[in-house]
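A, B, ... follow the sequence lines: proteins, then strands. Residue 1 opens every chain. Just so we're clear, the structure is a prediction, and the values are computed from it rather than from any experiment.
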There are 2 protein chains.
Amino acid sequence: MALTLGNENVFIRRLARAPIYTVSIKKVAKIAGVSISTVSRCLNSPERVRDTTLAAVQAAIAQTGYAPNALARNFRRGKTGLIMVVLQSVGLPFWEGVMRGINGVAQEEGYSILIRETASSPPELDDYCKMVISKEADGVIILASPSPFSTPSAYATSDRRIPIVLGCENVTDELAHIPSVRVDNRRAAFEATQYLLQLGHERIGFIAGSRSSLLTRDRERGYLDAMQASALGQNRAWVTNGDQSIEGARRATRKLLSLAEPPTAIFCANDEMAMACIYELKRNNLSVPQDVSVVGFDDTRYAAIMDPPLTTVVQPTEEIGERTMRRLLSAIEGRDIGQAPEFVEHRLIVRESTAPRQTAPGSTQDVGSTQDVDGSRQQIA
Amino acid sequence: MALTLGNENVFIRRLARAPIYTVSIKKVAKIAGVSISTVSRCLNSPERVRDTTLAAVQAAIAQTGYAPNALARNFRRGKTGLIMVVLQSVGLPFWEGVMRGINGVAQEEGYSILIRETASSPPELDDYCKMVISKEADGVIILASPSPFSTPSAYATSDRRIPIVLGCENVTDELAHIPSVRVDNRRAAFEATQYLLQLGHERIGFIAGSRSSLLTRDRERGYLDAMQASALGQNRAWVTNGDQSIEGARRATRKLLSLAEPPTAIFCANDEMAMACIYELKRNNLSVPQDVSVVGFDDTRYAAIMDPPLTTVVQPTEEIGERTMRRLLSAIEGRDIGQAPEFVEHRLIVRESTAPRQTAPGSTQDVGSTQDVDGSRQQIA
DNA sequence: TTGTAAGCGTTATCAG
DNA sequence: CTGATAACGCTTACAA
């Protein structure tokens with residue numbers, strides 16, 4: 001019996017090792033009694049084939065289970081059918097909508113999506129260009145944030161014909177000619193800050209994302225613009241670095257709270273940092289928005305069910321994805337897509353994490369556990 | 001001047017339309033004064049080439065900027081170098097770690113990752129098998145949840161040689177021979193429920209994920225096992241359907257609260273639903289954990305900064321990703337990887353969303369203490 | 001150590 | 001409407 005088992009194992013191993021049997025166009029042609037070009041035509045332009053021949057070929061295809069070899073087809077056509085999408089990490093809620101948009105168009109147009117995460121290895125534009133040149137992909141969409149490129153790229157500055165589009169992301173001036181689709185981050189941040197000013201806040205903190213990311217630096221500039229435009233002026237102490245991370249935002253919040261005159265409102269460069277900021281505020285027995293108002297950026301899927309629901313800047317993510325992809329496909333087809341950024345509309349969605357300064361607690365939707373309010377912050381001037 | 005502008009436009013258009021100029025191995029061979037096979041050898045086994053020749057070829061490569069055409073190489077080799085990863089949606093935090101694991105191994109072994117989102121189109125196993133047969137990918141990793149397959153698959157039951165591995169996901173009995181790497185969901189849910197029982201809770205609700213997903217159904221079974229094993233027994237009214245979504249979980253929570261004797265603890269089949277559950281509890285002026293304890297599943301990046309920080313089941317996501325990928329690569333290399341699930345360890349991480357039944361409010365200050373409660377590992381031969 | 005030449009599966013060109 | 005045939009760029013026996 002041990003012997004039988006042994007034999008069976010050998011048999012299974014053989015089976016597993018056997019190459020997957022593949023039918024080529026030749027066999028179909030032979031069975032259908034036609035030439036390989038006719039089979040090819042049946043697949044690619046069936047209207048140019050006589051009905052009876054078509055039927056015969058289709059029968060042969062069904063009989064053999066033939067499926068065209070994509071490797072050969074793509075090789076022959078000189079196209080990979082692949083779009084490389086570069087992002088920091090799969091699993092960040094913000095990209096959900098953008099990817100849905102990209103995928104929708106991709107599916108429509110017969111492309112597949114290649115994912116490249118930059119979380120591990122730093123993104124290098126040259127690498128992506130090389131991948132297009134070496135036909136690993138037909139084009140590149142860069143969503144990576146923060147800091148899309150650590151070094152300036154020879155390709156990017158010299159060779160305009162490599163199809164690359166940025167989604168959401170800004171880029172340093174030297175690479176400013178790379179086309180992008182995004183919101184006007186500076187303006188959106190300007191408006192969000194203005195909203196806090198209108199609520200009567202005077203000490204407004206800002207938690208910046210990664211300093212190396214132009215995207216979040218633009219949001220910082222928008223915030224500074226608004227402060228400058230107000231009577232209050234800029235105060236460098238109110239700008240802290242949240243480092244585009246949960247831990248960084250918590251640190252930044254603590255830093256803001258340690259100021260002699262801590263802010264009564266905090267604008268965070270994205271929702272995730274806003275979430276971390278609120279967490280840290282609560283830890284310090286401050287309520288949101290009674291003690292401190294908080295504004296985020298992105299409106300990710302969790303913004304509406306945070307406690308309190310987050311006031312934040314909405315980006316039309318799916319639209320960004322779609323337009324980025326369409327613009328890239330234009331470039332791939334050889335059209336001139338220019339280099340000007342394509343802007344999409346943002347808007348501020350007001351929920352319950354913001355309130356007028358010195359509002360009495362309980363005036364807004366009073367959700368769940370509000371903590372002791374009077375404690376630590378009498379010196380609100 | 002208008003004329004000049006017009007000319008410039010035409011020129012730019014020409015430039016943009018010009019095909020990307022590619023160098024092939026032929027040109028390198030000609031410049032280096034060798035044959036194309038020598039160039040090929042320099043690339044693939046340089047040790048079999050004389051030093052001087054190698055140098056000459058490398059010079060020619062540098063001079064021309066030659067990059068091997070991946071399309072041709074893959075075609076010739078009969079391998080795509082692509083792994084298709086199927087998941088419900090990019091942007092769901094749970095997949096972050098799993099994808100990091102997959103990507104890490106992929107990069108190491110020279111593979112790229114093709115993403116397929118099932119959010120839009122329902123996943124069909126046959127389609128994935130066809131993609132392997134038609135050489136669009138060398139293998140498939142299925143992470144999709146819920147409901148990986150809506151129809152039984154001919155390929156899956158007949159042809160064992162198509163490399164497919166499930167990550168995290170269970171699958172219906174008829175497809176049980178597809179190998180997987182995952183935690184023992186049933187056991188993990190059993191233990192989480194036991195923990196709530198140990199805290200003295202007697203009315204424990206369960207918010208299930210998608211009913212069509214075996215994965216979450218296994219968690220439900222684990223919950224029911226634990227209730228059955230206790231003196232309390234099962235109560236069908238405490239099991240509600242959260243539909244694997246934020247909205248669904250909110251509905252389910254409301255349903256639980258509307259019971260004559262609402263639960264004092266709720267176990268949610270994943271963190272996202274737990275977040276929605278807590279949100280809804282607070283909306284109804286209940287505090288967590290004073291009034292109701294909540295347990296999640298997954299330990300996503302936001303679990304620790306929710307309010308309150310969430311007690312949840314941790315899965316070693318990166319390890320799952322790595323092992324899933326390695327197992328798939330074994331299959332691709334023709335080894336027999338068997339069909340038994342490979343189990344990885346889970347553990348319950350206790351934070352502040354759970355408390356003994358009837359705890360007096362206000363005892364929440366003990367922050368930051370997290371402890372591992374349980375671990376398990378088993379291997380099925 | 002190097003060169004010659006066959007061939008991977010498909011599409012495209014051009015006769016018939 | 002159909003068939004023969006030449007590529008596409010690369011790898012790999014095999015020959016020199």
Value in whole Å for how far the [atom2] atom of [N] lies from [atom1] of [X]:
{"X": "A:Ile36", "N": "D:dG3", "atom1": "CD1", "atom2": "P", "answer": "11 Å"}
{"X": "B:Ile25", "N": "C:dG3", "atom1": "CD1", "atom2": "C1'", "answer": "13 Å"}
{"X": "B:Lys79", "N": "D:dC10", "atom1": "NZ", "atom2": "C1'", "answer": "17 Å"}
{"X": "A:Arg48", "N": "C:dT11", "atom1": "CZ", "atom2": "C1'", "answer": "14 Å"}
{"X": "A:Lys26", "N": "D:dA4", "atom1": "NZ", "atom2": "C1'", "answer": "13 Å"}
{"X": "A:Lys135", "N": "D:dC8", "atom1": "NZ", "atom2": "P", "answer": "13 Å"}
{"X": "A:Arg50", "N": "D:dT2", "atom1": "CZ", "atom2": "P", "answer": "5 Å"}
{"X": "A:Glu47", "N": "D:dT2", "atom1": "CD", "atom2": "C1'", "answer": "15 Å"}

B:Phe75 aromatic ring stacked with six-membered ring of C:dC8, 5.5 Å and 30°: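 Stacked: centres under 5.5 Å apart, planes under 30°.
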Please determine whether a side-chain nitrogen of the Lys or Arg among A:Glu322 and A:Arg326 lies less than 4.0 Å from a carboxylate oxygen of the Asp or Glu.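 No, no charged N to carboxylate O under 4.0 Å.
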Which of the following nucleotides, [options], is nearest to the side chain of [X]?
{"X": "B:Arg76", "options": "D:dC8, D:dG9, D:dT2", "answer": "D:dG9"}
{"X": "A:Ser35", "options": "C:dT11, D:dG9, D:dG3", "answer": "D:dG3"}
{"X": "B:Thr38", "options": "C:dT2, D:dA7, D:dT11", "answer": "C:dT2"}
{"X": "A:Pro68", "options": "C:dT10, D:dC10, D:dA4", "answer": "C:dT10"}
{"X": "A:Arg73", "options": "C:dT11, C:dT2, D:dG3", "answer": "C:dT11"}
{"X": "B:Asn44", "options": "D:dA7, D:dC10, D:dT11", "answer": "D:dT11"}

Hey, is the side chain of A:Ser37 pairing donor to acceptor with the base of D:dA4 inside 3.5 Å?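 Pair found.
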Would you say the side-chain atoms of [X] pair up with the backbone N or O of [Y], donor to acceptor, closer than 3.5 Å?
{"X": "B:Ser89", "Y": "B:Gly91", "value": "no"}
{"X": "B:Asp138", "Y": "B:Ile83", "value": "no"}
{"X": "B:Glu117", "Y": "B:Val90", "value": "yes"}
{"X": "A:Arg327", "Y": "A:Ile337", "value": "yes"}

Strictly below 4.0 Å: does B:Asn74 bring a side-chain N or O up to OP1 or OP2 of D:dC10?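 For D:dC10, OP1/OP2 do not have a side-chain N/O of B:Asn74 under 4.0 Å.
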